[in-house]
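Worksheet for the structure shown next.
Bear in mind the structure is a predicted one, so any value in this text is a computation, not a measurement. For reference, positions follow the sequence shown, starting with 1.
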Amino acid sequence: MEIIELKKGQVLAKKNDPVKEWYIIQEGEVIQKNDFVETKLGVNSIIGMLEQDFFICDYIAKTDCTFIMFTCRSVSDLKHFLEKEAKMRTLFLKTAISQRFQQFKVYDRLYKNANKFSVYVDKVYQEYQSLVIKNRFEYSSGPDLSSFQPLNVTHTLSDWELDSLDSIVHNHANEYMKLYTSDDKLSLGAIMEASLQMHRVAQGISQMIEFYGYNRDHLISDRNRDIFHGYIALMAFYKRSNLDTGELEQTIEGLLKFATNLGIYDSKLIDRCKEEYDDAKHLVPEEDSVEEEGPSSDLEFILDYAGFLSDSKKEYIKRFTDYSKCYAKIQRDKEANNLRKQINNDFYDIYKKCFLRAVNDRNLPATVEMFLNFGYVDGAFLEEDKINGLFSITNHMELVSSDHVFTMFNWLKAIYRGDREPSKNEFDLDFEHYLIEEYKQGNIKKEEIDRIKNKPEERVSFEIDNMFKTVNRLTYGNISSFNAIMNDNDLFNDPTNMLVSRNKIYEAVNGIRSIDFSAYYRPVFYNNLPDAIKNEALMSEILPDFILMPNCGSKGMMWQETASVKNDTPARFMLPIFATCDIADEITILTARYRWELCRKIQGPRWNDIREHSLTSDYYDYLQFYKKNHELSQDAKDQIKSSLVRSKNSFREVFAKDYFNWIKYESKGGFRLNKFVREIVFTYCPFSKDIRSKLEDSPMFTNAIHRFNVNNTKSYKRLKALYDTMTKNGVEITPLLKENIDYYEL
């Protein structure tokens with residue numbers, strides 16, 4: 001056990017961080033935050049109890065806090081802790097009951113409110129539609145519920161579970177405690193049962209939060225295409241027509257009250273809507289006021305926004321209009337195919353100009369956002385319901401945004417602002433080395449290199465020309481028919497169903513981490529380390545950046561294993577923002593390629609030198625000489641040959657397929673690999689502790705697991721002795737150093 005303290009506002013744990021310890025609150029109060037859902041945790045609450053491998057909420061100190069921290073990565077850790085600290089058993093059991101009940105009530109409230117929300121939205125929308133038809137009111141920007149997502153909670157809480165726990169808490173707490181504290185196994189079982197139930201319920205809460213995320217802007221929003229603003233426009237029409245607005249006012253006031261009580265909207269948004277309603281009540285529009293007509297098409301609006309002049313704008317509109325009549329025939333029509341290539345070039349020219357204005361625009365029009373994030377150009381290429389779906393997602397870009405997940409627009413903003421370095425081009429040159437090559441070829445002067453390198457517009461231009469254009473085509477999946485603009489042929493389903501959300505990405509990444517714990521760890525040499533350890537590489541987990549290309553595609557790309565020459569920078573994984581493939585499978589393959597390329601980078605010229613054992617050198621040796629391996633059967637050799645043919649003789653791609661089988665099947669005891677591959681992969685991509693414990697009796701894994709455990713224990717003991725010495729000498733064990741030693745306990 002260890003005592004730690006946090007100041008008010010400090011973060012104890014973030015969503016998707018691996019769970020390595022549990023924390024018992026001794027003093028203070030912590031906020032358990034899951035988007036807009038916040039739960040207060042007080043003294044004796046245990047943080048980590050509802051999680052499993054990874055935190056599914058953020059935990060932030062509401063006040064100054066003191067915690068007891070102890071290692072808890074598995075049931076065996078908890079069992080060991082409770083055996084060692086027997087006096088804690090009663091506390092843990094009480095906390096398990098109370099926190100579970102608290103979590104159940106949050107779920108129950110959200111679920112009931114979500115159903116009320118669905119019913120209420122449908123009711124007020126139908127009433128609005130009836131009034132529109134009855135009064136022949138024409139309003140082009142009215143609300144549309146075609147993209148409303150139904151409530152679909154798969155991680156459910158049954159009524160009997162809530163009723164049962166309610167009865168325990170209020171009627172039988174003493175009997176329950178007496179029974180379950182009478183036996184160590186009963187105590188541990190009850191605590192773990194509560195933990196698993198809380199985890200399931202927390203996942204259900206996350207699904208409801210996602211439901212609200214997709215749908216809440218249908219009722220009220222800043223975008224003005226919601227039911228509230230539909231009623232406000234209708235009210236203005238009533239006033240112009242000298243109609244009684246009494247019933248409308250009651251409906252709007254009821255709507256605002258409902259939205260306020262729901263607790264899912266920002267209070268500032270509610271206040272702004274109340275002000276709009278107040279203005280609409282007291283200000284009568286002029287008799288002759290009419291809504292200004294917008295541009296004739298979304299394409300024209302985008303071109304105007306980007307600043308194209310009249311002549312070039314007409315040329316673009318003509319080409320896009322011609323293409324809208326034939327884009328469905330590009331596979332069999334040579335003329336349509338040639339026009340497609342021209343349109344693709346036009347797309348990037350427009351994108352670049354549009355971005356350079358949008359990057360500093362605080363009030364970005366939705367149409368421009370849809371263009372920059374999704375490749376949407378015009379309604380001539382996409383059905384109305386799909387446009388509405390894109391619009392709905394635009395209202396909730398947090399679904400595709402995080403510290404490591406970027407839309408193309410957000411990624412280019414990070415490049416523009418210097419938060420990220422431009423990517424390498426297809427010739428493996430980064431921006432600086434590209435400029436040096438340009439200088440060598442006489443295209444620029446030497447003194448221009450630094451100026452160009454630090455100019456935001458040049459950095460973005462390089463990223464668009466050298467990464468975006470190439471990767472957008474590759475992630476699309478069919479290079480010969482690549483279409484840069486979003487269209488019905490590609491976006492064949494509801495956009496919200498095809499969307500590659502940050503939750504889907506993290507679910508896939510965490511799934512891999514829970515099996516291959518070292519997947520995103522790498523040895524890094526850091527500056528300013530204590531003398532005793534300054535010459536050692538520390539094991540650090542560095543999650544990749546995911547950049548979502550504005551297309552509907554079927555492939556992912558592992559573009560870079562690091563962001564620069566430095567080993568402590570994230571890899572870059574590219575995915576389509578709307579996917580026709582299984583994202584979890586695709587990210588598994590990308591992780592395999594990342595592991596291969598990172599090993600090559602670390603090993604340098606010796607990446608295939610068998611005298612220096614590594615993932616790539618051992619694999620290279622295995623594939624290079626498999627025909628001479630007398631321990632391989634002829635069937636195994638035939639399979640290897642077939643794998644090499646399918647992978648076009650790429651050793652990396654053969655490994656990627658084997659790694660996929662390792663994660664998907666071998667980790668569950670389904671044997672797909674031969675013993676040589678299994679030995680290599682286990683050596684460099686070992687399973688997590690829980691999986692190792694389940695497989696250690698299997699003859700396929702016994703020797704490898706024993707060898708791994710011996711080596712890991714040696715490394716841990718050496719570091720533990722070193723850290724103990726450092727602590728005695730007054731050296732602080734920083735989070736970086738702690739992560740390094742924790743690695744050997746995973």
Side-chain angles (χ1 to χ4, degrees), residues 331 423-429 466-467 469-482 512 516 519 544 549 551 553-562 571-576 579-610 614-629 632-666 672-674 676-681 684-685:
Q331 297 280 14
S423 304
K424 292 178 180 178
N425 63 18
E426 54 188 320
F427 303 109
D428 207 34
L429 293 174
N466 292 278
M467 184 280 280
K469 287 182 180 180
T470 301
V471 176
N472 205 26
R473 191 172 70 250
L474 293 173
T475 53
Y476 181 78
N478 189 339
I479 296 174
S480 62
S481 63
F482 169 64
I512 294 168
D516 174 10
M549 297 291 121
N551 68 49
S554 61
K555 288 189 180 298
M557 293 293 299
M558 201 294 295
W559 192 248
Q560 291 175 221
E561 67 280 0
T562 60
R572 294 181 181 178
F573 289 9
M574 316 311 206
L575 295 167
T580 60
C581 57
D582 186 300
I583 285 299
D585 289 353
E586 201 64 27
I587 290 176
T588 303
I589 293 291
L590 298 186
T591 300
R593 293 171 183 157
Y594 158 75
R595 271 189 159 283
W596 182 275
E597 293 301 334
L598 184 66
C599 183
R600 283 192 57 160
K601 181 183 178 72
I602 291 170
Q603 294 299 114
R606 299 182 299 279
W607 71 271
N608 61 354
D609 188 343
I610 194 57
S614 68
L615 170 65
T616 51
S617 65
D618 285 2
Y619 221 84
Y620 185 89
D621 183 63
Y622 155 72
L623 289 175
Q624 187 78 357
F625 301 108
Y626 78 91
K627 292 179 182 177
K628 298 178 181 179
N629 189 335
L632 284 170
S633 67
Q634 190 55 47
D635 283 348
K637 289 178 181 180
D638 290 343
Q639 286 178 2
I640 295 168
K641 182 180 178 180
S642 175
S643 294
L644 284 166
V645 170
R646 288 198 306 271
S647 301
K648 299 178 181 177
N649 216 39
S650 167
F651 288 6
R652 184 187 79 168
E653 291 308 299
V654 175
F655 166 70
K657 298 286 194 312
D658 287 340
Y659 181 86
F660 179 82
N661 286 327
W662 180 250
I663 296 295
K664 193 148 188 174
Y665 302 108
E666 293 264 335
R672 300 292 180 94
L673 309 178
N674 65 52
F676 293 97
V677 174
R678 186 175 294 114
E679 182 76 16
I680 295 170
V681 181
Y684 301 106
C685 312

Test of understanding: with side-chain contact (heavy atoms from CB on, under 4.5 Å), list the residues that count as partners of Asp658, not counting sequence neighbours.
Tyr619, Val654, Leu673, Val677
Would you confirm whether Lys637, through its side chain, and Lys627, through its main-chain N or O, come within 3.5 Å as a donor-acceptor pair?
yes
Compare every heavy atom of Ser647 with every heavy atom of Lys657, then report the nearest pair and how far apart it is.
NZ-OG, 4.4 Å
How about Lys424: does its NZ atom have over 12 heavy atoms from other parts shown lying under 6.0 Å from it?
yes
Please determine, by modelled atom types, if Thr591 and Arg595 share a side-chain donor-acceptor pair under 3.5 angstrom.
no
Taking side-chain contact (heavy atoms from CB on, under 4.5 Å) as the test, write out the residues that go with Pro576, two or more places apart.
Thr475, Asn551, Ala579
Tell me, do Asn472 and Phe482 make a side-chain contact under 4.5 Å, heavy atoms counted?
yes
Assess the side chains of Gln634 and Asp638: does a donor N or O sit below 3.5 Å from an acceptor N or O?
yes
Between Asn608 and Gln624, is the side chain to side chain contact (heavy atoms under 4.5 Å, CB included) condition met? List the steps.
CA-CA 10 Å; Asn608 61 354; Gln624 187 78 357; over 6 Å; no
How many angstroms lie between atom CD of Glu666 and atom CG of Asn661, to the nearest 0.5 angstrom?
7.5 Å
Verify whether one side chain among Asn674 and Tyr622 offers a donor that lies under 3.5 Å from an acceptor in the other.
yes
Heavy-atom nearest pair, Ala656 first then Ala592, reads CA-CB, 3.6 Å
Does Asn425 use its side chain to pair, donor to acceptor, with the backbone of Leu429 at less than 3.5 Å?
yes
Does the side chain of Ile589 reach to within under 4.5 Å of the side chain of Asp585, using non-hydrogen atoms?
no
Heavy-atom side-chain contact between Lys664 and Thr588 under 4.5 Å:
no
I need the Asp635 CG to Ser642 OG distance, nearest 0.5 Å.
12.0 Å
Determine, for Trp559 and Arg572, whether the Lys NZ or Arg CZ falls below 6.0 Å from the six-membered ring centre while staying within 45 degrees of the axis.
no
Euclidean distance, Leu575 CG relative to Ile583 CD1, rounded to 0.5 Å
5.0 Å
One should read off an interatomic distance between Tyr684 OH and Asp516 CG, to the nearest 0.5 angstrom, of 14.0 Å
Given ring-ring contact (aromatic ring centres under 6.0 Å, His included), test Trp607 with Tyr620 step by step and report yes or no.
CA-CA 9 Å; Trp607 71 271; Tyr620 185 89; 5.6 Å; yes
Nearest non-hydrogen partners of Gln560 and Thr562, listed with the distance
NE2-O, 2.9 Å
Going by an N to O cut-off under 4.0 Å, is there a salt bridge joining Glu653 and Arg593?
yes
Please report the interatomic distance OG1(Thr470) to CE(Met549), rounded to the nearest 0.5 Å.
10.0 Å
When you compare the side chain of Arg678 with that of Trp662, does any pair of heavy atoms fall below 4.5 Å?
yes
Quick check: closest heavy atoms across Met558 and Glu597, and the distance to 0.1 Å?
CE-CG, 3.6 Å
Using the side-chain contact (heavy atoms from CB on, under 4.5 Å) rule, pick out the option among Val681, Ile640, Asn629 that qualifies with Phe676.
Asn629
Shortest non-hydrogen contact between Glu561 and Ala571, atoms and distance:
O-CB, 3.3 Å
With sequence neighbours excluded, residues passing ring pair (Phe, Tyr, Trp, His ring centres under 6.0 Å) with Tyr659
Phe655
What are the two closest non-hydrogen atoms of Ser614 and Ser617, and how far apart are they?
N-OG, 2.9 Å
